[in-house]
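All remarks here apply to the structure that follows.
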Amino acid sequence: MDSVPKLLRTSIRRLSFLFPETFRRKLLFDVLAPYREKELPLLGRSAFQTGQYCELQFWKFLKEPNHEFDISNQFISPKQKSLLKDIAGNLFPDAKHAGYKDSKTRSYLDSKQSVKGACVRTKFFDTRADFLIPNEEGWQAIIIKASSSAKRTHISELSFIRMVLEEAGYKVSSTQVWTVSSEYSYTGTEIDPNRLFHKKDCSKETLANLEATKEKAYNLLEVLEKDKIPSITFSKHCDHPRNCIHPESCYSDSPPGDLFTLREGKDLTLTLWNQGIRNLSEVEPDSEFTHRQKIQVEAVKTGKEHLDKDSLLAYLNQLKFPLYCLDFETINPPVPVYKDTHPFQHVPFLYSLHVIRKDLTEKPEEYTYIDDHDKDPRLGILESLSSQIKPGGTILAFNDSFEKRCLKESVQAYPKYKEWFQSIEPDFSDLAKPFWDYDYYHPAQEGTTSLKVVLPVLTGANYKELTINAGHIANSEFLRIKTENVSDQERVRVESDLIAYCKMDTYALILILRALAEKLNWSGKL
């Protein structure tokens with residue numbers, strides 16, 4: 001007998017345009033709710049956020065929980081996020097920790113006690129809040145974010161929390177998002193949460209968004225009832241089609257070839273796609289194409305590298321020996337680690353320096369410094385670098401503005417090195433520039449000009465054999481051994497891996513220069 005109401009539910013979902021939203025929702029999730037599939041998961045706030053941007057990703061995330069999602073590029077570690085909540089919790093010393101369990105949360109809420117680590121579940125939804133604080137009008141919901149400012153997504157998240165709490169029978173009087181003030185200066189003592197956090201009241205926004213949030217949330221519940229959902233090629237929320245984590249689903253009916261590698265080409269890519277073009281080899285550039293896009297398309301069509309000899313020689317000829325190839329590794333946690341630093345400030349803990357005195361073919365001198373866990377690494381770096389780098393040569397870096405900023409901020413903390421820095425600052429040269437300008441471009445770069453792509457294309461060398469082979473991994477690994485309890489053996493191993501990675505970044509600059517010199521018959525001598 002269940003087949004009839006189940007069929008009725010399916011018909012109502014498919015003929016949704018025949019019913020007013022409120023009435024349809026009542027039919028599906030009240031009257032006919034018992035005939036919904038029992039094994040369907042609850043809708044949580046993270047899934048709700050995902051569903052607003054991509055229903056396909058949302059569907060796969062909940063219906064295929066074993067599907068592997070790439071989270072390797074998460075710059076803020078769970079440990080740091082947890083630490084922020086602990087610091088915020090100092091302002092609510094009487095709050096009871098519910099351990100993100102529904103039963104505990106409800107028992108504390110029913111007795112009007114402040115709650116941290118709250119979780120409330122209803123028939124269809126599951127939401128969490130970092131803090132729920134009682135007042136005369138109801139409950140204040142607070143979320144803590146490792147961000148320097150409140151974002152639209154935070155408002156959406158709070159709207160969802162508000163919706164679920166009120167559906168569970170708990171009136172929400174206000175909603176707040178607490179973000180981290182980048183102006184906060186760490187004194188080296190206990191962190192003051194009142195100064196660390198910026199508190200934004202979002203009550204008006206979440207109340208205004210409440211009905212739209214309900215509509216979207218219940219629509220997503222309906223999405224979960226589908227056996228499959230169609231591709232949504234070029235969702236307006238997509239950052240760029242090449243960043244899609246489900247291209248095999250979104251574009252399965254019409255594989256995109258290499259079209260999405262077009263440099264800076266989101267809108268142009270959409271235009272080309274709608275024209276039936278799937279590969280750059282099919283493109284005929286016109287006035288809408290940038291200089292770099294035209295070079296990229298031509299390189300793909302010919303299969304040959306683009307080499308602007310005049311521009312590249314002009315760049316090489318302005319180099320002065322000795323060449324100092326410099327790279328920093330930094331941490332930028334939301335909770336500062338070093339005295340007189342700010343949240344999210346990039347603080348260098350390691351440098352690598354390769355020096356060539358007279359000839360690109362000579363064996364470079366190598367210098368490194370890593371935080372000795374005794375003094376501020378900025379001071380150690382300045383002491384060490386100032387003895388190695390003298391004015392008059394060329395300091396090479398890939399995107400040199402980062403290295404200059406690290407030094408400038410370090411000098412602000414230790415002004416005795418200001419004169420030295422000012423004497424070498426004019427000597428910086430950005431080796432990324434000729435690649436950014438497409439003075440050199442190879443079709444194997446696929447629209448990318450990062451060091452880790454340029455290096456293997458030009459030289460065949462790569463980072464594959466390194467244990468640490470990306471900047472964000474270096475960041476998180478050092479922060480781990482710096483702030484967490486690890487064995488001495490583990491610390492030594494990680495430090496060794498960090499130095500190897502940083503040294504590869506600077507040696508890569510030499511390899512790239514040598515490759516360019518060979519292609520251009522540039523002597524590379526003093």
So [Y] and [X], do their side chains get closer than 4.5 Å, heavy atoms only?
X	Y	answer
D497	L466	no
L40	F124	no
S114	F131	no
L350	I499	yes
E409	Q345	yes
K482	Y338	yes
Q489	R493	no
I381	Y417	no

For [X], give me all partners under salt bridge (Lys or Arg N to Asp or Glu O under 4.0 Å), at least two apart in sequence or on another chain.
X	result
E366	K503
E329	none
D267	none

Using atom types as modelled and distance alone, determine if a side-chain donor or acceptor of R378 lies under 3.5 Å from a backbone N or O of P348.
no
Do the side-chain N and O atoms of [X] and [Y] include a donor-acceptor pair separated by under 3.5 angstrom?
X	Y	result
T506	D327	no
R45	T127	no
S147	T179	no
S111	Q113	yes
S77	K81	no
S450	T448	no
D376	Y414	yes
Q49	S156	yes
Y351	S384	yes
E365	Y367	yes

Residue pairs meeting ring pair (Phe, Tyr, Trp, His ring centres under 6.0 Å), one or both in residues 168-207, sequence neighbours left out, come to F92-W178, W178-F197
Kindly list each side-chain donor-acceptor pair under 3.5 angstrom involving residues 94-104, sequence neighbours excluded, with atom names and distances?
from: H97; atom 1: ND1; to: G99; atom 2: N; distance (Å): 2.8
from: D102; atom 1: OD1; to: R106; atom 2: NE; distance (Å): 2.9
from: D102; atom 1: OD1; to: R121; atom 2: N; distance (Å): 2.8
from: D102; atom 1: OD2; to: R106; atom 2: NE; distance (Å): 3.3

> Is the closest basic N to carboxylate O distance between E490 and R480 below 4.0 Å?
Replying inline: yes
Neighbour count above 12 (heavy atom, 6.0 Å) for [X] [atom1]:
X	atom1	result
K433	NZ	no
K390	NZ	yes
K151	NZ	yes
E419	CD	no

Residues at least two apart in sequence or cross-chain that pass side-chain contact (heavy atoms from CB on, under 4.5 Å) with E205, listed by chain then number, are I155, K200, C202
Rounded to the nearest 0.5 angstrom, the CD-CZ distance for Q52 and R152 is 10.5 Å
When rounded to the nearest 0.5 Å, the distance separating NZ of K320 from CD1 of I395 is 12.0 Å
Could you tell me how the ring of H373 sits relative to the ring of F478: parallel (under 30°), tilted (30 to 60°) or perpendicular (over 60°)?
parallel
Would a line drawn from the ring center of Y53 to the ring center of F48 be shorter than 6.0 Å?
no
